[in-house]
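In what follows, a single structure is set out as C-alpha cells and then discussed.
Please read all numbers here as calculations on a predicted model, not as lab measurements. Counting begins at 1 with the first residue of the sequence.
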Amino acid sequence: MFLSVFDLFKLGVGPSSSHTMGPMVAAARFLDALRQQPFQAHGLRASLHGSLAFTGKGHATDRATILGLAGFTPDSMDMDAAEAALAANRDTHLLTPPRLAPLVFDPDRDLRFDYDTALPGHANGMTLSAIDAQGDVIFHQIYYSIGGGFVMTDAELAARGDEDRSDASSSVPFPFRTAAEMLEMADRSGKSIARMKEANELCFRSQPDLHAGLTRIWTAMRDCMDRGLTSEGTLPGGLNVRRRAKAIHEKLLAERGMNMTAPHVINDWMSIYAMAVNEENAAGGQVVTAPTNGAAGTVPAVIRYWLDHVPGASGRQLPDFLLTAAAVGGLIKHNASISGAECGCQAEVGSASAMAAAGLAAVLGGTPRQIENAAEIALEHHLGMTCDPVRGLVQVPCIERNGLGAIKAVSAASLALRGDGSHIVPLDAAIETMRQTGRDMSEKYKETSLGGLAVNVPNC
C-alpha cells in the first residue's frame, strides 16, 4: 500500500492518534456503514479493549468515541461544537449524527472499558454496535486503531498481509519498500529521496495541491508550537503537570545575545519547541501526527531549529524536509510499526526522531546514503524504549521525551553528515530490530500503563 506524506502527517486533535483520532475515525466509518443499512437503528454501543481500555480514560478515548459517534472527525473538529455535543449527550443520552435519526447512547451504560477481553488483531481494539429498540444488536463491527490515526476493520487487518504481498509492483515510479531499495533506486535514477517521494506523490495529486498540502502541514505545526510557547497553566488529567514551554522560552529569549551563554543551551531551544507542541497535544489541542500525536513534537522542533538557528536555512527547502521524513516514516510503518501499543515508544518517538534526522540531513545537503545513515542512528538509539505513560496520560514522560528525540535527531544528522554514508548497521536492520523488540516486549510496557514509570511514579 502506498503511504502518502499526508498519511504520516495528518491534522488531528490530542492527546493520542491511536486513542483519540483512531476511535473517531472508526466511529465515522461505522456511521457511514450504518447509513447504508436497510434498517433504522435505535441506539449505539461501544466497547474498548486492550490498550484502548487500560489507558483510554487518560487518553480521552471515551470522549473521542462519543464525539466520533456524534459525527465529529479529527481533521475538522470545532472544539466549541464538540463541547456542546458532549454536554447535550450528558443531558439527553442521545447522539445526533448527520443523516441519521437520533440514537440512544448513555456513556455510563453503553460505553464499556473491557479490561479482560483482548481482541486478537491488535492491542488497540474496539467494537461498535447498533441496537434495536429491544436492545438487541443488529449491526456490529470490530475496528483496530493501528497507530498514527490509521484504522482497519478486523477483515481489513486479516487481509493486510496478502495485500502487501500483492503490492510488490506498484503504480508509482519509485515503489521502494525497504531502505536498500530506496538507495538502489536513488543510485539508478540520480534523484534524491525527496525527488523520488515527490514523483510518487504526483501520481495522486497535482504539484500545486502537493505544495499547498505541505504548506498546510507546516503551518499547522508552527501554529501549534506558537500556541504552546505562549500558553501557561496546568494540564488536564489530575497529575497537575504545569506547562513549562512558555516560561523556559521567555528565559531563553532574555539570554539571547549574552556573551557567556553555553553552547549546550541550543538543546533547550530544541526541547521547548517540542514540549510546546506536546503540551498542546496533552491539552487536547490541534496537532499534526508526526507520525503520531504522542510523538508530534519531534519533527516540528527540528524544523524550527533548522529554520531559526541554522545559517542559510530557507523555507523553500521545507518540502524536501517533509518528503524525506515521510519516506523514512513510511518504511518504518510498512516494515515495523509506529504504534506504542504494538512496539512501545521506540515506535513513536524513535520513528519521529529517525524521520526528523532524515529530513534535516536532506536539507543540509546530505546524500541519500548519509540521510539513511542519519535515520538509522536516530532509530538505533531509541531501540527498546518503553511506552509507560503515568496515569495513562500523554504527559509524563511523553512531553520531555519528544524534546530528547529532537536532540537525538539533530545529533544523528550531524554525525551522518560527517561521514560518507557508509556504516555498519543498515536502516533496514534497525527497523527489523525494532519490530522484533516490540514483539518480544512485555505488554506491561506497551501503552497499558501497567509497568515502568507508570507504576513507579506516584499518580497524584
Audit row: Phe204, Phe2, ring pair (Phe, Tyr, Trp, His ring centres under 6.0 Å) steps and yes/no: CA-CA 10 Å; Phe204 302 92; Phe2 172 72; 4.7 Å; yes
For a salt bridge (charged side-chain N to carboxylate O under 4.0 Å, His left out) check, start with the C-alpha distance between Arg227 and Glu279, then their side-chain angles and the critical distance, and finish with the verdict. CA-CA 10 Å; Arg227 290 193 304 272; Glu279 287 176 356; over 6 Å; no
Sub-3.5 Å donor-acceptor pair from the side chain of [X] to the main-chain atoms of [Y], do we have one?
X	Y	result
Thr55	Ser51	yes
Ser4	Phe6	yes
Ser206	Asp209	yes
Asp106	Asp110	no
Gln395	Pro236	yes
Thr324	Gly359	no
Glu156	Thr153	yes
Thr20	His59	yes
Arg391	Gly237	yes

Inter-residue atom distance [X].[atom1] - [Y].[atom2], 0.5 Å rounding:
X	Y	atom1	atom2	result
Glu342	Lys446	CD	NZ	8.0 Å
Leu393	Leu239	CG	CG	5.0 Å
Ile138	Ile131	CD1	CD1	8.0 Å
Leu427	Glu432	CG	CD	12.0 Å
Ser351	His382	OG	NE2	9.5 Å
Ile399	Asn278	CD1	CG	6.5 Å

Should Arg63 and Glu83 be marked as a salt bridge (charged side-chain N to carboxylate O under 4.0 Å, His left out) after you check the CA-CA gap, both sets of side-chain angles, and the distance that decides it? CA-CA 10 Å; Arg63 168 190 166 94; Glu83 292 301 328; 2.8 Å; yes
Do [X] and [Y] get their side chains close enough for a donor-acceptor pair, meaning under 3.5 Å?
X	Y	value
Glu348	Thr292	yes
His140	Ser129	yes
Ser76	Thr73	yes
Thr117	Asp114	yes
Asn402	Thr298	yes
Asp62	Thr65	no
Ser271	Glu400	no

Can you label the angle between the Tyr273 ring and the His309 ring as parallel, tilted or perpendicular, going by 30° and 60°?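 Tyr273 and His309: tilted rings.
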Between Trp269 and His249, what is the ring plane arrangement, given parallel below 30°, perpendicular above 60°, and tilted in between?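 The arrangement is perpendicular - the two ring planes meet at more than 60°.
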Flag yes if more than 12 heavy atoms outside Glu255 fall under 6.0 Å of its CD atom; otherwise flag no.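 Enclosed.
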Taking CZ in Arg35 as the centre, count heavy atoms belonging to other residues, nucleotides or ligands within less than 6.0 Å. Is the count above 12?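 Yes - once you tally the heavy atoms of other residues, nucleotides and ligands closer than 6.0 Å, there are more than 12.
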Candidate pair Ser411 and His381, rule side-chain contact (heavy atoms from CB on, under 4.5 Å), full reasoning: CA-CA 11 Å; Ser411 298; His381 297 291; over 6 Å; no
Nearest atoms (heavy-atom pairs only) where [X] meets [Y]:
X	Y	result
Ile193	Ala327	CG2-CB, 3.7 Å
Ala409	Val302	CB-CG2, 4.0 Å
Tyr144	Gly121	OH-N, 3.0 Å
Ala378	Ala357	CB-CB, 3.9 Å
Val363	Gln317	O-NE2, 3.1 Å
Leu379	Ala354	CB-CB, 4.0 Å

Heavy-atom distance under 4.5 Å between the side chains of [X] and [Y], does that happen here?
X	Y	value
Asp268	Ile272	no
Ile146	Asn124	no
Met126	Pro23	yes
Val299	Phe321	yes
Pro107	Asn89	yes
Ile266	Tyr305	yes
Val241	Thr234	no
Asn200	Phe176	yes

Side-chain donor/acceptor pairs under 3.5 Å, residues 214-226, sequence neighbours excluded:
residue, atom, partner, partner atom, Å
Thr215, OG1, His211, O, 2.9
Thr219, OG1, Thr215, O, 2.8
Asp226, OD1, Arg304, NH1, 3.2

Using the side-chain contact (heavy atoms from CB on, under 4.5 Å) rule, take Val13 and Asp75 through it: C-alpha gap first, then chi angles, then the decisive distance, then the call. CA-CA 7 Å; Val13 292; Asp75 60 337; over 6 Å; no
Ring-face cation of Lys10 near Phe150 (centre distance under 6.0 Å, axis angle within 45°):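 Flagged: Lys10 positioned over aromatic ring of Phe150.
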Would Leu331 and Arg177 count as a side-chain contact (heavy atoms from CB on, under 4.5 Å) here? Give the steps. CA-CA 6 Å; Leu331 292 175; Arg177 299 160 63 88; 5.7 Å; no
Show me the donor-acceptor pairs within less than 3.5 Å that the side chains of residues 90-101 make with the rest of the protein, sequence neighbours left out.
residue, atom, partner, partner atom, Å
Thr92, OG1, Ala88, O, 2.8
Thr92, OG1, Leu94, N, 3.2

Can you check whether Phe54 and Phe113 have ring centres sitting under 6.0 Å from each other?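 They do not qualify: ring centres at least 6.0 Å apart.
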For Lys408, is there an ion pair with Glu380 - N to carboxylate O distance below 4.0 angstrom?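 Judged by the 4.0 Å cut-off on N to carboxylate O distance, Glu380 and Lys408 do not form a salt bridge.
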Verify side-chain contact (heavy atoms from CB on, under 4.5 Å) between Thr289 and Met21, making sure each step is shown before the conclusion. CA-CA 10 Å; Thr289 62; Met21 291 174 60; 3.6 Å; yes
I'd like to know whether Ser145 forms a side chain to side chain donor-acceptor pair (under 3.5 Å) with His19, so could you lay out the CA-CA distance, the side-chain angles of the two residues, the decisive distance to 0.1 Å, and finally the verdict. CA-CA 7 Å; Ser145 180; His19 289 67; over 6 Å; no
